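Read through the structure below, which is laid out as structure tokens, and then see the notes.
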Amino acid sequence: MKLHEYQSKDVLARFGVPVPGGRVASDAETARAIASEFGGRVVVKAQVLMGGRGKAGGVKLFEDADAAAVFTQELIGKRLVSIQNPAGMVVEQVLVAEQIAIAEEYYVSVLLDRAAAKNVVMLSAKGGMDIEEVAATEPDAIVRIHIDPAFGLCDYELREAVQRAKIPAPAQRQMVEMIKKLAKAFVETDAELIEINPCAWTPEGKLIAADAKVSIDDNALFRHKAFQATADDSAEDPIEAEAARRGIAYVRLGGDIGIIGNGAGLVMCSLDEVNAAGGRPANFLDVGGGAQAERVHQCVELILMDPNVKGLLINIFGGITRADEVAKGLLTAFETVDPNLPVVARIEGTAAEEGKAMLDGSRIVPASSMREAAAKIVELAYA
Ligand code: GDP
Ligand code: MN
């Protein structure tokens with residue numbers, strides 16, 4: 001789950017990371033009031049979960065509160081488009097932050113290096129710009145420090161790494177402290193990414209996180225109730241957001257054949273089969289093991305929220321999941337939501353006979369294999 005910049009900065013501040021003062025606003029008046037607290041010298045930043053906001057026109061510096069308010073008015077409701085996110089995102093809130101003078105911009109992040117099976121700190125004196133570009137053109141400008149899971153980071157290795165990254169001498173001590181705090185925050189918040197770009201060095205000699213990106217591992221959200229409460233606005237797609245609230249693994253794919261399966265592998269096979277049959281899958285949805293009727297019902301509802309869906313394919317292989325529970329869920333789902341579109345179900349495994357018998361005489365078309373089910377739903381949906 002990605003946190004907004006202002007949320008990320010709040011989290012990091014709790015770990016002692018220096019961040020500029022500021023608050024969020026969703027209207028011009030609030031923005032003016034916050035800007036006035038800083039004497040009008042502020043930066044107004046769109047709070048959208050995408051990179052490259054600066055280039056997209058979502059970050060601007062101001063010298064007076066009125067101008068900051070006017071810009072806030074312009075930004076709210078506007079769709080920002082960047083190279084990283086061509087579809088764009090609508091701005092609902094801005095961060096009005098104390099404007100800091102920046103002499104130099106560095107890059108620092110903490111993430112998991114899966115290949116090394118260790119957390120890793122990435123550090124560069126070339127901050128402020130797109131780090132992928134730095135990685136492509138000047139790979140040596142990025143220094144990696146792997147974090148030993150047993151011993152953590154030692155001061156001497158951090159001092160050495162900071163020098164190797166060519167962080168200027170006066171900033172080195174603060175950078176070492178910054179990295180230690182970020183590494184601690186990374187573990188304690190169950191983050192999968194913490195990225196500070198730019199990490200600003202001010203003319204007064206202070207290192208401060210001018211931007212912050214924190215992403216929390218979804219599987220650890222149960223340990224972080226405060227983040228979980230804001231989960232709804234973290235997903236970029238409203239149906240994905242609703243799925244997250246319901247705790248359902250759903251990814252929107254843009255096609256028009258809705259798919260429900262149990263187990264990620266089976267769902268992926270279903271996507272392949274629909275594709276091979278000439279259809280376009282609308283989503284990935286894993287109803288999970290041991291699915292109960294109510295959950296199946298919720299999954300059907302979720303898929304039908306997508307107005308593009310023309311047909312629904314159900315592919316269940318009962319193991320722990322009982323096919324009769326799935327059938328019950330499907331029947332109640334179609335009692336409450338009547339989508340008036342074709343539905344094909346392939347149900348095998350535990351209690352399959354009972355399940356199929358329950359669907360007899362309903363509008364749900366049975367299929368005896370996954371391939372047949374895919375062909376049938378494509379034929380019916382595009383008829
Ligand atoms: P991003 O484009 O989405 O990564 O947004 P950033 O928060 O990184 O802002 C983009 C750029 O705006 C930064 O690289 C800085 O150069 C500049 N910027 C942001 N905040 C400040 C600030 O407080 N003072 C100054 N001088 N520049 C800032
Ligand atoms: Mn940035």
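Atoms within a ligand are numbered from 1 in the order they appear, just like the ligands themselves. Since this is a predicted model, take the numbers as computed values, not measurements.
For the pair Leu12 and Ile196, the minimum side-chain heavy-atom distance is below 4.5 Å. Looking at heavy atoms from C-beta onward, Ile147 lies out of side-chain contact with Phe186 at the 4.5 angstrom threshold. Within the 4.5 Å cutoff, no side-chain heavy atoms of Glu325 are placed close to those of Val296.
For ligand 1, none of its N or O atoms has an N or O atom of Lys55 under 3.5 Å away. Ligand 1 has no nitrogen or oxygen under 3.5 angstrom from a nitrogen or oxygen of Glu5. Below 3.5 Å of separation, one finds no N or O of Gly51 facing any N or O of ligand 1.
Smallest separation of non-hydrogen atoms from Pro203 and Ala101: CD-O, 3.4 Å.
When the N, O or S atoms of Asp211 are ranked by distance to the Mn ion (ligand 2), OD2 comes first.
Salt bridge Lys45/Glu5: present, at least one basic N to carboxylate O contact under 4.0 Å. Classification of Glu273 and Arg371 as a salt-bridged pair holds, one side-chain N sitting under 4.0 Å from a carboxylate O. Using a 4.0 Å cut-off between charged nitrogen and carboxylate oxygen, Glu242 and Arg245 count as a salt-bridge pair.
The side-chain tip of Arg23 does not point at the ring of Tyr6 from less than 6.0 angstrom away and within 45° of straight on.
For Lys180, the NZ atom counts as densely surrounded, since its 6.0 Å shell holds more than 12 non-hydrogen atoms of other residues, nucleotides or ligands.
Every atom of ligand 1 with a heavy atom of Ile102 under 4.0 Å away is listed here by number and element: 24 (N), 25 (C), 26 (N), 27 (N), 28 (C). Annotation for ligand 1: atoms under 4.0 Å from non-hydrogen atoms of Gly52 are 2 (O), 3 (O). Those atoms of ligand 1 with a heavy atom of Arg53 less than 4.0 angstrom away are 1 (P), 2 (O), 3 (O), 5 (O), 6 (P), 7 (O). Ligand-side atoms of ligand 1 in range of Asn197: 8 (O), range being under 4.0 angstrom from any heavy atom. Below 4.0 Å from some heavy atom of Gln99 lie the following atoms of ligand 1, by number and element: 23 (O), 24 (N). If you number the atoms of ligand 1 from 1 as listed, the ones under 4.0 Å from a heavy atom of Pro198 come out as 8 (O), 13 (C), 14 (O).
With respect to atom 6 (P) of ligand 1, the closest heavy atom belonging to the protein is Asp211 OD2, 3.5 Å. With hydrogens left out, the protein atom closest to atom 24 (N) of ligand 1 is Ile100 O, 2.7 Å, a heavy atom. Of all protein heavy atoms, the one lying nearest to atom 17 (C) of ligand 1 is Glu105 OE2, 4.5 Å. Shortest contact from atom 7 (O) of ligand 1 to any protein heavy atom: Lys45 NZ, 2.5 Å.
Of the listed options Val59, Thr202, Leu95, Val59 places a heavy atom closest to atom 19 (C) of ligand 1. Atom 2 (O) of ligand 1 has its nearest heavy-atom neighbour, among Ala46, Gly22, Ala101, Gly54, in Gly54.
The backbone N or O of Ile167 lies less than 3.5 Å from a partner atom in the side chain of Gln172, making a donor-acceptor pair.
In this structure, the ring of Phe71 has its center less than 6.0 angstrom from the ring center of Phe62.
Residue contacts with ligand 1 for Val43 involve side-chain atoms from C-beta outward but no N, CA, C or O (heavy atoms, distance under 4.0 Å).
Protein non-hydrogen atoms do reach within 4.0 Å of atom 28 (C) of ligand 1.
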